[in-house]
Amino acid sequence: TETKCRGAESWLRDILLDEGMVPFDLKPTPIQDVPPDYEAKVTQLISQNVIQTIQQGQPLDPVMMETFKEQAREDIRAALLEDSVDRMERMKRQIEDQFAEGGMVEGFNAFISDLATYPAAILKGPTVRRVKQLEWTQDPDGGYSPKVQEKLVPTYSRVDPFRFYP
């Protein structure tokens, strides 16, 4: 039985914790339409295009105006998508940092061990705990001194299946 449990743990780790890959992924939501607060920017881009066209001496027609409007909306959508991708990457880094500080890897390894051994496995988290950390602060004279600070950190832990009540 012990050999089978170790084999099951190994398979689960290979599947769920691929080396070099995080066990989650984030994707930005597709932006359907330009939000109302961006309408002023769309109007500004259209007016810039109209002024350029008039300065070049070309006549304006309704088809050209609709083209300008659609082009401005597409430019705004592209900028919004680029911004959402940037925010998604920052959130992904923050989640990875919280996992590292909160002991997610250790808790997940214990969870996998329980899953292979017992009929149930429980991973608890994020549980916010107060943790003391050493920080270096600069003195008025230019030197640095250590100072203990308390910080709220999301933590993750395994719950003993025999001490869990659903």
Would you call Thr137 and Ser145 a side-chain contact if the rule is heavy atoms closer than 4.5 Å?
yes
Hey, is Arg77 close enough to Glu70 for a salt bridge, meaning N to O under 4.0 Å?
yes
Rounded distance [0.5 Å steps], CD in Glu9 versus CG in Leu12
8.0 Å
Measure the shortest side-chain to side-chain distance between Lys92 and Asp25 over non-hydrogen atoms and say whether it is less than 4.5 angstrom.
yes
For the backbone of Ala110 and the side chain of Ser113, can you confirm whether one donor and one acceptor N or O come within less than 3.5 Å of each other?
no
Going by the rule side chain to side chain donor-acceptor pair (under 3.5 Å), which residues pair with Asp141 if we only count those two or more places apart in sequence or in a different chain?
none
Residues in side chain to side chain donor-acceptor pair (under 3.5 Å) with Asn109, at least two apart?
Arg13
Backbone N or O of Arg129 within a donor-acceptor pair of the Thr155 side chain at under 3.5 Å?
no
So do Asp86 and Met88 actually touch side chain to side chain, heavy atoms under 4.5 Å?
no
For the rings on Phe99 and Phe108, is their centre-to-centre separation under 6.0 Å?
no
Starting from Leu115, can I reach Phe24 by hopping between I/L/V/M/F/W/Y residues whose side chains sit under 4.5 Å apart?
yes
The single option from Glu89, Arg90, Met91 passing side-chain contact (heavy atoms from CB on, under 4.5 Å) against Arg87:
Arg90
Atom pair OG/CD1 of Ser47 and Ile51 - distance to nearest 0.5 Å
5.5 Å
Can you tell me if OH on Tyr144 sees more than 12 non-hydrogen neighbours from other groups inside 6.0 Å?
no
Heavy-atom pair of closest approach, residues Ala8 and Ala116
CB-CB, 3.9 Å
Does CD belonging to Glu2 count more than 12 external heavy atoms closer than 6.0 Å?
no
So do Leu123 and Val159 actually touch side chain to side chain, heavy atoms under 4.5 Å?
no
Cluster question for you: counting only ILVMFWY and a side-chain heavy-atom cut-off of under 4.5 Å, with indirect links fine, are Met104 and Val131 together?
no
Which pairs with one or both residues in residues 147-161 pass salt bridge (Lys or Arg N to Asp or Glu O under 4.0 Å), sequence neighbours excluded?
Glu101-Lys151, Asp114-Arg158, Arg130-Glu150, Arg158-Asp160, Asp160-Arg163
With hydrophobic residues grouped by side-chain heavy-atom distances under 4.5 Å, do Val85 and Leu26 end up in a single group?
yes
Can you check whether Tyr156 and Phe111 have ring centres sitting under 6.0 Å from each other?
no
Does Lys124 have more than 12 heavy atoms from other residues, nucleotides or ligands lying within 6.0 Å of its NZ?
no
Is Gln48 atom CD crowded by more than 12 heavy atoms from other residues, nucleotides or ligands, each under 6.0 Å away?
yes
Is there a continuous path of hydrophobic side-chain contacts, each under 4.5 Å between heavy atoms, that joins Val105 to Ile15?
no
